[in-house]
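One structure is given here, and the rest of the page talks about it.
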Amino acid sequence: MSEIPGLAHRRAAAVAQGVGGKNIFAARAENAELWDVDGRRYIDFAAGIAVNNTGHRHPKVMAAVMAQAEAFTHTCFHVAPYESYVRLCERLNGLVDTGEENRALCLTTGVEAVENAVKIARAATGRSAVIAFTGAFHGRTMMGMALTGKVKPYKAGFGPFPSEIYHAPFPNELLGVTVEDALRGLDEILTSDVDPQRVAALIVEPVQGEGGFNVAPPEFLKALRALCDRHGIVMIADEVQAGMGRTGKMLAIEHSGVKPDLVALAKGIAGGFPLSAVVGKARIVNAPHPGGLGGTYGGNPLAVAAANAVLDVIEEEGLLARATAIGETITARLTALAARSGHEAIGDVRGLGAMVAYELVTDRSTKAAAPELTGRIVEEAEARGLILLSCGTRANVVRLLPPLTIPDAVLAEGLDLMEAAIEAALPLQRDAA
Ligand SMILES: Cc1ncc(COP(=O)(O)O)c(C=O)c1O
């Protein structure tokens, strides 16, 4: 008998329901495949939400972590520092192009990197306000929620949040929000709501993750850079989901040629071990006084060992080029599918590198969202042995985030399963119409 119903029941009886999500109880995982406690195999197009870019249990990452575990597992960097943390910061400083000398610090989660980037920007400017964008997701702490541009499910019922956060429109070609519209909205905030001289930071995802894989047009990022320069605002790129090679470049913002002041990194940085980092201009990162930044577990030795190995693997296995190739394969498949008659529900295919998504609509001309169909496709995929994630402010986007180490045959098999899931779910959409 399947163990999963019992585990799902125990989960419901023991775990806070606020921690939502699937009931695929993992037993083991290897590269792009995962097996549940019933021995069922899944192809993993979620990669732990863009974390396992180097696959589950990459041998080089595992070996580095095992070796570190033999030496020591925790000292707290504030108490007894270690060379591997320093080396990782040296490497990250070299990878992030701000146009200036960099400094870095390690933390544990993505939202902690975001929080620290805001702290640093406030310390460096002596200002308090922060500009974020509609549809943004920056995490689940109070500041993370305040910056996030989507109420349900992230913010509803949890306020009040830190004040002086302003949301400007994010461009969305599909829904008719042009770059000009978005910049006009930002300008209105700076004329109606807050003096630009009070703004410490502007935080932007070069590709919105949870918001629906909305790619920031390069001209938009360039205009934001110019605005930050004009008013002395610190430009923070939140690369937590889009960074670490996912889009075919180490950072997604590199596609635009824009150099940020600070970057928040996490997820793919350490192949499944909890690590995040803030990297940025030395004159900004060094603004907070000694003792103002850090934490007990920030830059845990096991996670740092994993991150150093992940950086090696990205280079040795050519994963940036691989991300581009994977993205092309997925996009070609989805574009062909969307062009097929009867598949009008696929209203848009978009992304950057191996960060590809498709948006589901009830009507291509009105772009009305089809969240039920989206949920159904995810369920049908799971029933066939494929893990998929949805996203989007209208809950009508399916995002594909396979490990960058996925073999071609497994990628093709996963795409076949996804296509079969779409074919199974579409009649529901047609019946509803
Ligand atoms: C762009 C972005 N920023 C921040 C976060 C928060 O990261 P974490 O869940 O590790 O705190 C996420 C998580 O999905 C994210 O996608």
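Just so you know, these numbers use all the heavy atoms, side chains as well, and skip hydrogens, waters and symmetry mates. All ligand and atom numbering here is 1-based and tracks the order in the structure.
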Worksheet item: Taking NZ, NE, NH1 and NH2 as the nitrogens, is one of them in Glu100 or Arg283 under 4.0 Å from a carboxylate oxygen of the other?
Response: yes

Discussion item. Heavy-atom distances under 4.0 Å decide this one: backbone, side chain, both or neither, for Glu112 against ligand 1?
Written reply: neither

Item to complete: Establish, from distance only, whether the side-chain atoms of Thr247 and His255 form a donor-acceptor pair under 3.5 Å.
Response: yes

Practice prompt. Keeping the roles fixed (side chain from Arg350, backbone from Gly212), state whether a donor-acceptor pair exists under 3.5 Å.
Written response: yes

Item to complete: Could you verify whether a donor N or O on one side chain and an acceptor N or O on the other, from Ser128 and Arg198, lie under 3.5 Å apart?
Response: yes

Practice prompt. Among all protein heavy atoms, pick out the one at the shortest distance from atom 5 (C) of ligand 1; state its residue, atom name and that distance to 0.1 Å.
Written response: Val240 CG1, 3.7 Å

Worksheet item: With a 3.5 Å cut-off and no angle check, do the side chains of Glu115 and Thr141 form a donor-acceptor pair?
Response: yes

Worksheet item: What atoms of ligand 1 come closer than 4.0 angstrom to any heavy atom of Glu210?
Response: 14 (O)

Worksheet item: Tell me: protein heavy atom nearest atom 11 (O) of ligand 1, and distance?
Response: Val111 N, 2.9 Å

Worksheet item: When you measure from atom 13 (C) of ligand 1 to each heavy atom in Lys267, Glu239, His138, which option holds the nearest one?
Response: Lys267

Worksheet item: To which protein heavy atom is atom 3 (N) of ligand 1 closest, and what is the distance rounded to 0.1 Å?
Response: Asp238 OD2, 2.7 Å

Worksheet item: Taking the six-membered ring for Trp, are Phe170 and Phe220 parallel (under 30°), tilted (30 to 60°) or perpendicular (over 60°)?
Response: perpendicular

Fill in: For atom 2 (C) of ligand 1, the protein heavy atom that lies nearest, with its residue and separation
Phe137 O, 3.3 Å

Worksheet item: Between Leu221, Leu224, Asp97, which is the residue that forms a side-chain contact (heavy atoms from CB on, under 4.5 Å) with Val258?
Response: Leu221

Practice prompt. Please report which non-hydrogen protein atom sits nearest to atom 16 (O) of ligand 1, along with the residue it belongs to and the distance in Å to one decimal place.
Written response: Gln241 NE2, 2.9 Å

Practice prompt. Please confirm whether the backbone N or O of Glu328 pairs with a side-chain atom of Thr331, one donor and one acceptor, at under 3.5 Å?
Written response: no

Worksheet item: Please state which protein non-hydrogen atom is closest to atom 8 (P) of ligand 1 and give its distance, to 0.1 Å?
Response: Gly110 N, 3.5 Å

Response to the item:
Quick note on ligand 1: atoms under 4.0 Å from a heavy atom of Glu205 include exactly 1 (C)

Worksheet item: At a 4.0 Å threshold, what atoms of ligand 1 neighbour a non-hydrogen atom of Gly139?
Response: 6 (C)

